[in-house]
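Report on the structure given below.
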2 protein chains.
Amino acid sequence: MPLRHAVLASLLDGEYSGYQLAKAFDVGVANFWHALPQQLYAELTKLEKEGLISGREVVQEARPNKRLFRVTDAGLAELENFAAAVSKPSFIRDDLLVKVQAVDRIGTAPVIEQLEERASAAEARIELFSNLLRRTRGDVDEEEFLRRGERIGPYLTCLRGLAFERDHRTWCLRTAAVLRERRATHAQR
Amino acid sequence: MPLRHAVLASLLDGEYSGYQLAKAFDVGVANFWHALPQQLYAELTKLEKEGLISGREVVQEARPNKRLFRVTDAGLAELENFAAAVSKPSFIRDDLLVKVQAVDRIGTAPVIEQLEERASAAEARIELFSNLLRRTRGDVDEEEFLRRGERIGPYLTCLRGLAFERDHRTWCLRTAAVLRERRATHAQR
DNA sequence: AGAGTCATGTAAGCTGTTACATGATTCG
DNA sequence: CGAATCATGTAACAGCTTACATGACTCT
């Protein structure tokens with residue numbers, strides 16, 4: 001049951017439709033999980049059947065109808081249990097790192113290119129997360145917000161996401177630079 | 001085909017048995033992938049059947065026999081193709097972050113505890129990776145090694161792993177501290 | 001004597017990805 | 001007028017995890 005708790009945690013701050021959740025899993029929630037829309041629709045259906053969330057139909061005129069979900073008491077209890085259970089360690093799993101691992105034995109050009117693309121993508125997310133954090137804390141500074149804010153969970157996970165992207169960006173740029181320089185000096189392949 | 005390329009990349013530096021690879025996927029290789037022994041044995045069998053790796057039986061006396069694998073030319077070509085193809089973006093997927101996301105609505109005690117455990121685990125891996133890097137580059141300094149070393153792929157991915165663990169550790173400690181302080185001040189739950 | 005290491009798997013089940021399907025409305 | 005957005009799914013397949021199984025040797 002991996003996705004279910006991520007969904008429950010995401011629904012804590014209000015009612016969302018599957019469609020809206022899918023968006024969230026692409027931006028804010030992407031700090032700790034990732035899922036495709038199909039998976040979310042399936043999971044929402046299952047969670048509702050189990051009584052961990054409840055949905056209500058919202059009839060719309062100019063757009064298709066939608067179902068909004070919120071976490072039930074049973075759902076909250078489920079989260080509580082989940083939080084108390086041991087977490088499995090987090091690991092990186094990244095195609096690009098596999099390519100870098102092999103970089104001495106294969107063509108470096110596409111790897112360098114992808115590293116630089118990644119760096120740009122990370123840059124964009126850094127901006128996104130920075131803005132999100134700024135908007136979330138409003139006028140108060142971070143220290144103050146974390147001391148007295150009412151809902152700091154999403155802020156904390158976003159901080160993790162931000163740090164991750166910064167780190168990732170730094171490494172991508174450095175690695176690309178190293179590989180470029182080696183191509184220049186010992187004209188290999 | 002996600003695991004296969006990770007396996008191929010791991011086999012670039014010599015011959016390994018399934019058992020040895022499983023160890024590697026727990027330490028060095030963990031920088032970019034993770035897999036259980038069963039999965040590795042299965043994947044090695046498949047890769048051999050497809051001719052991307054070749055194995056040879058090594059008869060041992062005091063221990064069970066083992067099969068050592070190395071990458072074939074076809075395997076190297078496969079890696080080459082893989083490197084040229086687009087990578088899917090990397091994302092975090094972490095139980096503990098889900099718990100932190102929900103932390104305002106559930107009991108904080110187990111979350112704090114797990115954050116601190118994670119920090120210790122990260123600490124251990126920081127040590128491990130630092131030593132690995134030091135041993136790999138030998139006498140020369142990092143700059144020099146990256147400029148002229150013969151096999152820098154594993155070094156570069158290890159650098160990423162090190163940065164990740166450092167970052168993770170920092171965030172875990174900071175988050176745990178924030179949650180502790182809040183428990184002290186506004187005695188909630 | 002028990003725990004840990006070396007060494008390799010099978011089988012079942014759960015999770016996640018890819019491909020396919022539909023259809024109205026709004027924006028450029 | 002074509003692309004993007006809103007909105008929700010089904011079906012098939014690929015990948016990963018968990019449980020089970022075996023057996024000798026070495027270290028404490």
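First the proteins, then the strands, lettered A, B, ... as listed; each starts at 1. Quantities reported herein were computed from a predicted structural model and do not represent experimental measurements.
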[N] OP1/OP2 closer than 4.0 Å to side-chain N/O of [X]:
X       : N      : answer
A/Tyr19 : D/dT8  : no
B/Gln39 : D/dG15 : no
A/Lys23 : D/dT5  : no
A/Lys88 : D/dT18 : yes

From [atom1] of [X] over to [atom2] of [N], roughly how many Å is that when rounded to an integer?
X       : N      : atom1 : atom2 : result
A/Leu44 : D/dT10 : CG    : P     : 12 Å
A/Arg4  : C/dC14 : CZ    : C1'   : 12 Å
B/Arg63 : C/dG4  : CZ    : P     : 16 Å
A/Leu40 : D/dC6  : CG    : P     : 15 Å
A/Leu36 : D/dA12 : CG    : C1'   : 15 Å
B/Glu43 : C/dG9  : CD    : C1'   : 15 Å
A/Leu21 : D/dG9  : CG    : P     : 13 Å
A/Leu47 : C/dT15 : CG    : P     : 11 Å

- Message: Applying a 4.0 Å non-hydrogen cut-off, can you work out what A/Thr45 is touching in the nucleic acid: base, sugar-phosphate, or nothing?
- Response: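 Contact class for A/Thr45: none.
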With the threshold set at 4.0 Å, does a side-chain nitrogen-carboxylate oxygen contact exist between [X] and [Y]?
X        : Y        : answer
A/Glu80  : B/Arg105 : no
A/Arg174 : B/Glu143 : yes
B/Asp167 : A/Arg160 : yes
B/Lys46  : B/Glu50  : no

Among [options], find the nucleotide with the atom closest to the side chain of [X].
X       : options                : answer
A/Pro64 : D/dT18, D/dT10, D/dA7  : D/dA7
A/Trp33 : C/dG16, C/dT5, D/dC16  : C/dG16
B/Gln60 : C/dT15, C/dA7, C/dT26  : C/dA7
B/Gln38 : D/dT18, D/dG15, C/dT26 : D/dT18
A/Lys66 : C/dT5, D/dT17, D/dT8   : D/dT8
A/Arg93 : D/dC16, D/dA19, D/dT26 : D/dC16
B/Tyr41 : C/dT25, D/dG15, C/dT8  : C/dT8
B/Arg67 : D/dA7, D/dT26, C/dT8   : C/dT8

- Closest-nucleotide 5' rank along DNA chain C - winner of A/His34 and A/Glu61: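 Its nearest nucleotide being more 5', the pick is A/His34.
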- Item | 5' priority, DNA chain C, between B/Leu68 and A/Ala35 [closest heavy atom] |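 The answer here is B/Leu68.
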- Message: Parallel, tilted or perpendicular: which one describes the rings of B/Tyr155 and B/Phe145, with boundaries at 30° and 60°?
- Response: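 B/Tyr155 vs B/Phe145 ring planes: tilted.
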- Query: B/Leu3 or A/Gln20: which one's nearest nucleotide on DNA chain D is closer to the 5' end?
  - Reply: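 Checking each residue's closest nucleotide, the 5'-ward one belongs to A/Gln20.
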- Query: With respect to B/Arg169, which candidate in B/Glu127, B/Glu123, B/Glu117 satisfies the salt bridge (Lys or Arg N to Asp or Glu O under 4.0 Å) definition?
  - Reply: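 When salt bridge (Lys or Arg N to Asp or Glu O under 4.0 Å) is applied between B/Arg169 and each of B/Glu127, B/Glu123, B/Glu117, only B/Glu123 qualifies.
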